[in-house]
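A short write-up of the structure that comes next.
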Amino acid sequence: MNTDIEQVTNEQEWQWCLVGNIVEEHEYGEDHVILRGNKQFRPNAKVFINLIYGGMGHENILVIGLPRRSRVYIEVVTARKYVCNFRLKKVFKPAVLNKIKKSKHEWWGNTDEARDRIIKAAELFNSEEAEKREKQTYG
């Protein structure tokens, strides 16, 4: 019976994940008020991203992260514009892996196919961010 428990824990020792950071500052509303982070997360908070909500260019994404006023990971949908610095990471943290396991949505996994999909998504989102910054700079 102990071997069954060992197999379950060894199955998900790690998982590939698309990771990003919450933006430092962004404009909000008609008055263009500058806000730090977003409602749920602090600025620069690391979030683990799932792209289940495709829609119009993944405007909304499902993320797992540590909220502003708690030390327990939450899973929420947030606007992609509040996330930057997309990259591929191996997730080893047990609290995050447990949250992924308990999620009602399917996450990435630890296959080479998942890794390749994450790399493509990160390149796409980072290039879109660079284009937006160029437009803002050169107007």
Side-chain angles (χ1 to χ4, degrees):
M1 187 141 156
N2 287 340
T3 57
D4 292 336
I5 294 171
E6 289 174 11
Q7 287 175 353
V8 170
T9 55
N10 289 337
E11 264 179 41
Q12 276 301 72
E13 289 181 9
W14 62 274
Q15 188 173 124
W16 291 115
C17 199
L18 179 61
V19 176
N21 296 96
I22 299 297
V23 296
E24 280 241 12
E25 297 177 337
H26 63 93
E27 290 184 6
Y28 178 77
E30 293 176 4
D31 298 332
H32 304 284
V33 176
I34 303 293
L35 297 178
R36 294 181 46 77
N38 70 0
K39 185 175 181 178
Q40 293 91 6
F41 301 107
R42 295 181 182 106
N44 295 319
K46 183 191 287 186
V47 290
F48 303 89
I49 303 164
N50 191 338
L51 300 177
I52 60 161
Y53 298 114
M56 299 288 293
H58 296 287
E59 290 175 352
N60 293 317
I61 54 178
L62 182 70
V63 299
I64 292 176
L66 283 174
R68 285 181 181 268
R69 295 170 185 87
S70 175
R71 301 310 301 165
V72 178
Y73 283 90
I74 61 171
E75 180 179 43
V76 297
V77 175
T78 190
R80 193 186 82 199
K81 67 182 179 180
Y82 298 132
V83 182
C84 62
N85 191 21
F86 295 91
R87 61 204 180 273
L88 170 73
K89 287 279 189 179
K90 276 186 178 179
V91 179
F92 293 97
K93 194 171 246 185
V96 176
L97 291 174
N98 286 337
K99 194 69 175 175
I100 288 172
K101 184 180 172 186
K102 291 178 183 177
S103 175
K104 66 180 181 180
H105 304 288
E106 186 175 328
W107 283 74
W108 299 99
N110 55 6
T111 64
D112 290 340
E113 179 188 338
R115 184 192 70 220
D116 295 340
R117 289 186 3 240
I118 292 169
I119 290 170
K120 287 179 185 174
E123 288 172 354
L124 174 69
F125 295 154
N126 287 330
S127 67
E128 287 177 3
E129 282 183 31
E131 286 177 22
K132 285 180 186 177
R133 281 191 300 256
E134 254 182 55
K135 286 180 183 178
Q136 288 175 350
T137 304
Y138 300 113

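With respect to F86, the side chain to side chain contact (heavy atoms under 4.5 Å, CB included) criterion is satisfied by exactly one of I49, I119, L124: I49.
Of all the heavy atoms in R115 and L88, the pair that sits closest is CG-CD2, 3.5 Å. The nearest pair of heavy atoms linking L18 to A121 is CD2-CB, 4.3 Å. Contact detail for F125 and R80: the closest heavy-atom pair is CE2-NH1, 3.0 Å. The two residues N50 and W108 have their closest heavy-atom pair at CA-NE1, 4.2 Å. For the residue pair G109 and A114, the shortest heavy atom distance occurs at O-CB, 4.3 Å. Taking every heavy atom of both residues into account, E13 and L97 meet most closely at O-CD1, 3.5 Å.
Connection of V72 to L62 is not established within any shared hydrophobic cluster, with ILVMFWY side chains joined at heavy-atom distances below 4.5 Å, either directly or through further cluster members.
By the side-chain hydrogen bond (donor to acceptor under 3.5 Å, both in side chains) test, E123 pairs with no residue at all, sequence neighbours left out. Residues satisfying the side-chain hydrogen bond (donor to acceptor under 3.5 Å, both in side chains) criterion with N44, sequence neighbours excluded, are E24. Considering only residues two or more places apart in sequence or on other chains, I74 meets the side chain to side chain contact (heavy atoms under 4.5 Å, CB included) condition with Q40, F41, P67, V76. Take R87 and apply the salt bridge (Lys or Arg N to Asp or Glu O under 4.0 Å) test, not counting sequence neighbours, and it matches no residue.
Checking side-chain atoms of W16 against main-chain N and O of D116 turns up no donor-acceptor pair under 3.5 Å.
Applying the side-chain hydrogen bond (donor to acceptor under 3.5 Å, both in side chains) test to every pair with at least one member in residues 58-70, sequence neighbours left out, gives no pairs at all. Among residues at least two apart or in separate chains, side-chain hydrogen bond (donor to acceptor under 3.5 Å, both in side chains) pairs with a member in residues 88-97 are Y73-K93.
Here the CD1-CG distance, from I22 to L66, works out to 11.5 Å after rounding to the nearest 0.5 Å. In this structure, CD1 in I100 is found 5.0 Å from SG in C17, a value given to the nearest 0.5 Å.
In this structure the side chain of E106 never reaches within 4.5 angstrom of the side chain of I52, judged on heavy atoms.
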